[in-house]
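Working notes, structure below.
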Amino acid sequence: MNMLPFVRFAPSPTGYLHVGNVRTALVNWLFARAAGGRFMLRLDDTDTERSRPEYEAGIGEDLRWLGLAWDEFGKQSERFSAYEAAKRKLMAEGRLYACYETQEELDIRRKLQAGRGLPPVYDRASLKFTAEQKARYELEGRKPHYRFLLEDKSIEWHDLIRGDVKFRAGHMSDPVLVRADGVPLYTLASVVDDAEIGITHIIRGEDHVSNTAVQAQIFEALGFTPPRFGHLALLKTKEGELSKRVGGNDIRSLRAAGFEPMAVNSLLAKIGTSDAIEPFADMDALIAGFNITHFGRATANYDMHDLERLNEKLLSVLPYEKAQPRLAALGLSHIERSFWDLLHGNLKKLEDIKDWWDIVHKGAKPVAGKMDDTFLTLAAEVLPREPWESGVWNQWIEAVKAKTGRKGKELFHPLRLAITGREDGPELKALMPLIGYDGLKDRLAAAANAARA
């Protein structure tokens with residue numbers, strides 16, 4: 001019987017989430033949900049110096065905003081006893097050994113190796129230290145760090161995304177698993193957690209491929225069968241790699257900028273796959289179309305323009321019933337269905353509806369240097385008085401054509417600028433009855449005055 005997948009997203013609370021690591025969370029979440037499995041949020045917070053409560057809170061806020069509910073939650077800072085037990089087991093079996101070199105000494109060795117054309121692999125000098133040498137180092141005040149003794153054999157796995165992967169352990173340095181201050185590093189803590197909690201699949205960025213090679217041996221040394229692995233190609237922008245230290249692509253910034261969570265999800269779930277990037281209205285639709293094998297090995301390019309396009313498309317099909325409570329939260333409960341239905345196809349962000357409300361009900365700022373005062377004055381002169389019939393727009397436009405001799409863009413563009421102050425927007429025909437005769441006369445007069453100025 002196949003076991004239902006149990007996956008985890010394990011961010012370090014040392015910064016806010018950006019689209020790169022949120023993509024990892026989303027892919028894990030979709031992988032679990034598509035197969036009826038479970039998703040865990042685990043905070044890898046053993047770095048007590050850099051971990052911050054505000055980052056921890058921010059991670060939860062961002063995931064909830066995106067709709068990525070977790071089934072289980074854990075923190076590595078609460079499991080130090082488990083890591084200590086794993087350390088003792090590995091030491092007892094001769095797979096973890098104490099090292100006394102300082103960082104400066106290691107750096108000098110690496111430079112010497114590089115000068116001789118050798119790879120910068122740790123030479124296992126500490127394994128040759130006698131008890132007397134170790135005692136002398138400790139008398140000097142040195143505290144040992146601990147390295148994992150890799151077995152010189154091929155490390156192989158079938159990656160969910162990359163296919164067959166092979167590493168030769170003899171070409172790798174024995175990794176440090178425990179710092180000199182006793183704090184276990186990610187390489188050990190993550191294995192212990194994944195093994196004891198029962199994680200079945202680990203899906204993460206391709207920058208962890210070499211970690212996986214090492215961790216596969218640690219799983220086995222601790223007596224566990226390694227889970228299945230999948231490594232996603234990293235996201236890049238035109239400016240380079242994404243980072244939590246580079247602003248603008250973090251989730252809280254996107255949220256503050258007014259992006260729809262499903263726009264973010266729609267992009268990140270498909271970027272780097274063979275699937276079309278298109279808007280999805282809800283998570284159920286994304287789950288139904290998810291397939292981990294659709295992800296490729298090529299670098300995935302993240303473009304903000306794609307996100308903006310998806311955002312506009314989602315707003316253009318957002319029904320009033322779903323928009324209404326959100327409008328109320330923005331203090332826009334006065335916006336009615338008819339106004340929403342007319343304008344929501346012209347919104348880049350939901351908050352833009354307020355600008356259009358103000359344009360319709362409070363007037364438009366004239367656009368200087370782009371209009372002809374004579375044309376606008378003549379257009380105002382032939383504007384039919386109210387009450388208006390349904391064909392009043394065509395009646396007015398035909399009168400303007402006859403009066404000015406203009407047609408096409410030369411006719412409609414200056415009218416749009418005068419009436420709305422915008423280059424884009426809904427049809428003026430639809431806006432005309434909302435603004436009314438007096439409103440249109442005032443705007444045309446104001447625009448003509450601005451053109452004369």
Side-chain angles (χ1 to χ4, degrees), residues 3-48 50-83 160 184-205 207-208 211-212 215 227-232 234-235 242-244 249-255 261-262 264-265 267-269 282-284 286-287 290 292:
M3 184 182 298
L4 292 177
F6 183 21
V7 300
R8 48 67 165 183
F9 174 54
S12 173
T14 56
Y16 293 113
L17 297 181
H18 59 70
V19 292
N21 43 40
V22 160
R23 175 177 179 243
T24 300
L26 176 62
V27 171
N28 274 279
W29 190 90
L30 290 171
F31 182 83
R33 293 293 183 259
R38 292 176 294 153
F39 172 77
M40 179 183 193
L41 171 61
R42 186 181 75 216
L43 297 178
D44 287 3
D45 59 346
T46 55
D47 186 347
T48 55
R50 296 173 59 224
S51 296
R52 295 285 184 272
E54 59 268 29
Y55 296 141
E56 179 178 330
I59 289 169
E61 290 171 5
D62 289 341
L63 295 181
R64 281 189 289 269
W65 178 69
L66 291 166
L68 303 182
W70 50 90
D71 304 297
E72 296 190 29
F73 176 78
K75 298 172 69 172
Q76 286 192 332
S77 58
E78 298 172 352
R79 288 180 46 79
F80 280 108
S81 60
Y83 311 141
L160 295 170
L185 295 181
Y186 163 85
T187 313
L188 174 63
S190 180
V191 168
V192 174
D193 288 343
D194 292 335
E196 294 186 357
I197 294 168
I199 296 299
T200 63
H201 298 75
I202 296 175
I203 304 171
R204 54 191 178 185
D207 51 331
H208 285 283
N211 284 337
T212 295
Q215 289 178 322
R228 295 285 307 278
F229 294 99
H231 294 86
L232 292 163
L234 300 182
L235 294 186
L242 290 166
S243 168
K244 67 177 66 177
N249 293 316
D250 58 284
I251 299 303
R252 56 192 284 118
S253 293
L254 296 179
R255 185 166 77 241
M262 281 311 302
V264 178
N265 288 330
L267 178 60
L268 297 184
D282 54 47
M283 297 300 281
D284 288 341
L286 273 180
I287 293 170
F290 180 80
I292 191 69

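Contact of the Val19 side chain with the Ile251 side chain is registered, since non-hydrogen atoms from C-beta on lie closer than 4.5 Å. Side chains of Phe9 and Val22 form no contact here, defined as non-hydrogen atoms less than 4.5 Å apart. Contact annotation: the side chain of Trp29 never approaches that of Leu63 to less than 4.5 Å [non-hydrogen atoms, C-beta and beyond]. Between Thr48 and Ser77 the shortest side-chain heavy-atom distance does not fall below 4.5 Å. Side-chain contact between His208 and Leu232 is absent, with no heavy-atom pair separated by less than 4.5 Å. Between Val264 and Leu26, every side-chain heavy-atom pair lies at or beyond the 4.5 Å cut-off. Lys75 is listed as a side-chain neighbour of Glu56, based on a closest heavy-atom distance under 4.5 Å. Within the 4.5 Å cutoff, no side-chain heavy atoms of Leu286 are placed close to those of Arg33.
Partners of Gln76 under the side-chain hydrogen bond (donor to acceptor under 3.5 Å, both in side chains) rule, at least two apart in sequence or in another chain, are Asp44, Asp193. For Arg255, the salt bridge (Lys or Arg N to Asp or Glu O under 4.0 Å) test picks out Glu61, Asp62, with sequence neighbours left out. A search for salt bridge (Lys or Arg N to Asp or Glu O under 4.0 Å) contacts involving Asp194 returns Arg8, Arg42, not counting sequence neighbours.
Of the inter-residue distances, the one linking Ile202 atom CD1 with Asn28 atom CG reads 9.5 Å to the nearest 0.5 angstrom. The line from CG of Asp45 to CZ of Arg52 is 12.5 Å long, rounded to the nearest 0.5 Å. The distance from atom CD1 of Ile59 to atom OG1 of Thr14, rounded to the nearest 0.5 Å, is 7.5 Å.
Of the possible polar contacts, one joining the Ser51 side chain to the Asp47 backbone as a donor-acceptor pair under 3.5 Å is found.
Taking each heavy atom of Leu41 and Pro11 in turn, the nearest pair found is CD1-CD, 3.9 Å. Contact record, Gly198 with Phe6: O-CD2, 3.5 Å, taken as the closest heavy-atom pair. For the residue pair Gly37 and Leu4, the shortest heavy atom distance occurs at CA-CB, 4.3 Å. Across Arg38 and Ala32, no two heavy atoms sit closer than the pair O-CB, 3.5 Å. Residues Asn265 and Leu66 share a closest heavy-atom pair of ND2-O, 2.9 Å. Thr187 and Gln215 get closest at one heavy-atom pair: O-NE2, 3.1 Å.
Of the listed residues (Phe229, Phe39, Phe31), just one forms a ring pair (Phe, Tyr, Trp, His ring centres under 6.0 Å) with His201, and that residue is Phe31.
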